[in-house]
Amino acid sequence: MLFFPPPALQCGGTAWDSWTVSLFFVFRLAPHHSFSRCALKTNKIKKLFKKTKKKKKKKMQQAILEQQLVAAAEIVEQEIDNEIGKLDTMEEDDMEVIRRKRMAQLKKMREQKDKWIKKGHGVVQEIETPEQFFKFCKGNERVVVHFYRDATERCKILNAHLDKLAPKHWETLFCKLHAEKVEGMAEKFNVYMLPTLMLVEGGKTNNSIIGFDEFGGRDNFPTKRVAEVLAFNGMINENGMFANDQEY
């Protein structure tokens, strides 16, 4: 690139001082690639600034999350402290009231179990006469009657399950009735298929479970399945024989 100095310089004049001349030479004579380098440095600085900004934002979000977790933990700790405080502030009189209520419940449970024992609860009772059938149904809140026959294999399977359930559910009287030996009972209650479980509640027939369909339609179902079906029909209590949701 050609350069022509200003007239003052050509004529030996002093109109331009040395500082101005230096600037002139810098801007007029500086190679073009020097400006390209400056542009590249500027872009690098911008990228570095954006990267730094993202890191700061991520750190801020992490800090906020940590604060939220700490706040949630403090709420849980406060709830626990409140419950502990209730126990700490409970007076001896309160503990005595709780103890008396519990003793009354235990006494009632023992009395009820004695009544159940006298009525034959805890084992599977064999019904031998129609009179015995009606006595059991009228004298107990919940009765499960298995209409069976010795020659039917599925009746044997169901009897085995009832033998396991009876000792665990004293709240219900479990019985079995031989459909051929106790004459007229199967016909009276329209029992035409064995095994059949008749569910009696409050002296009235609640439902009948015929065959194994409700137990899964197979022979190798667990005793737990029988308990679930009986509990669904309100005949036993899965929460225990003395649970509050069933009457004695």
Side-chain angles (χ1 to χ4, degrees), residues 108-109 111-248:
K108 187 177 181 181
M109 289 163 62
E111 292 175 352
Q112 183 58 48
K113 190 171 183 178
D114 290 339
K115 291 180 181 179
W116 284 338
I117 291 174
K118 291 179 181 179
K119 291 182 178 182
H121 291 235
V123 295
V124 178
Q125 296 289 340
E126 179 81 34
I127 296 176
E128 298 177 348
T129 64
E131 292 77 16
Q132 190 179 15
F133 171 86
F134 291 111
K135 179 182 178 181
F136 281 154
C137 291
K138 291 180 180 179
N140 294 277
E141 181 62 26
R142 290 170 298 278
V143 183
V144 175
V145 182
H146 177 206
F147 284 78
Y148 77 102
R149 185 175 57 182
D150 292 330
T152 304
E153 191 64 29
R154 284 195 165 185
C155 291
K156 296 179 182 179
I157 294 173
L158 192 53
N159 272 334
H161 289 303
L162 297 181
D163 285 337
K164 294 178 181 178
L165 288 175
K168 296 179 181 179
H169 294 278
W170 290 63
E171 73 274 19
T172 302
L173 178 64
F174 289 86
C175 306
K176 59 183 180 181
L177 186 152
H178 198 295
E180 293 177 346
K181 292 182 179 180
V182 185
E183 298 181 0
M185 295 301 293
E187 291 79 4
K188 181 177 180 64
F189 293 103
N190 297 318
V191 176
Y192 299 109
M193 180 178 176
L194 301 177
T196 291
L197 283 182
M198 179 182 291
L199 310 181
V200 182
E201 187 173 10
K204 298 180 180 179
T205 303
N206 180 26
N207 191 17
S208 291
I209 301 172
I210 302 171
F212 283 2
D213 287 345
E214 293 191 45
F215 303 134
R218 54 192 177 90
D219 292 353
N220 61 339
F221 56 89
T223 304
K224 181 181 178 181
R225 180 56 186 163
V226 182
E228 290 173 349
V229 174
L230 292 177
F232 178 79
N233 285 276
M235 299 307 297
I236 64 173
N237 196 328
E238 289 182 306
N239 298 323
M241 66 181 74
F242 293 108
N244 293 328
D245 58 339
Q246 284 204 4
E247 297 178 357
Y248 298 153

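These numbers come from a predicted model, not from an experiment.
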Can you give the donor-acceptor pairs under 3.5 Å from side chains of residues 181-193 to other protein atoms, not counting sequence neighbours?
from	atom 1	to	atom 2	distance (Å)
N190	OD1	Y192	OH	3.4

Apply side-chain contact (heavy atoms from CB on, under 4.5 Å) to the pair L173 and K119, showing each step before the final yes or no.
-> CA-CA 8 Å; L173 178 64; K119 291 182 178 182; 5.9 Å; no

Residues passing the side-chain contact (heavy atoms from CB on, under 4.5 Å) test with V200, sequence neighbours excluded, are C137, V143, M198

How would you list, by chain and number, every residue that makes a side-chain contact (heavy atoms from CB on, under 4.5 Å) with K138, sequence neighbours excluded?
-> none

Inter-residue atom distance [X].[atom1] - [Y].[atom2], 0.5 Å rounding:
| X | Y | atom1 | atom2 | result |
| --- | --- | --- | --- | --- |
| S208 | L197 | OG | CG | 8.5 Å |
| F221 | I157 | CZ | CD1 | 6.5 Å |
| H146 | I209 | NE2 | CD1 | 11.0 Å |
| K135 | N140 | NZ | CG | 10.0 Å |

Holding to side chain to side chain donor-acceptor pair (under 3.5 Å), I want the full list of residues that pass it with [X], two or more places apart in sequence or in another chain.
| X | result |
| --- | --- |
| T223 | H161 |
| N206 | none |
| T129 | none |
| E126 | Y148 |

Student check: side-chain heavy atoms of K176 and L162 closer than 4.5 Å = no

Are F232 and N207 close enough that some pair of their side-chain heavy atoms sits under 4.5 Å apart?
-> no

For the pair T196 (side chain) and F147 (backbone), establish whether a donor and an acceptor sit closer than 3.5 Å, ignoring hydrogens and angles.
-> no

Donor-acceptor under 3.5 Å (H121 side chain, W170 main chain) | yes

Residue pairs, two or more places apart or on separate chains, that pass salt bridge (Lys or Arg N to Asp or Glu O under 4.0 Å) and touch residues 206-227 | R154-D219, R225-E228

How close do R142 and M235 get, heavy atom to heavy atom, and via which atoms?
-> CD-O, 3.5 Å

Between C175 and V124, what is the shortest heavy-atom contact and its length?
-> C-CG1, 4.0 Å

Taking only residues two or more places apart in sequence or in another chain, which ones pass salt bridge (Lys or Arg N to Asp or Glu O under 4.0 Å) with E180?
-> R149

F174 and L230: side-chain contact (heavy atoms from CB on, under 4.5 Å), yes or no, with the steps?
-> CA-CA 11 Å; F174 289 86; L230 292 177; 3.9 Å; yes

Does the pair I236 and E171 meet the rule for a side-chain contact (heavy atoms from CB on, under 4.5 Å), with working shown?
-> CA-CA 7 Å; I236 64 173; E171 73 274 19; 3.6 Å; yes

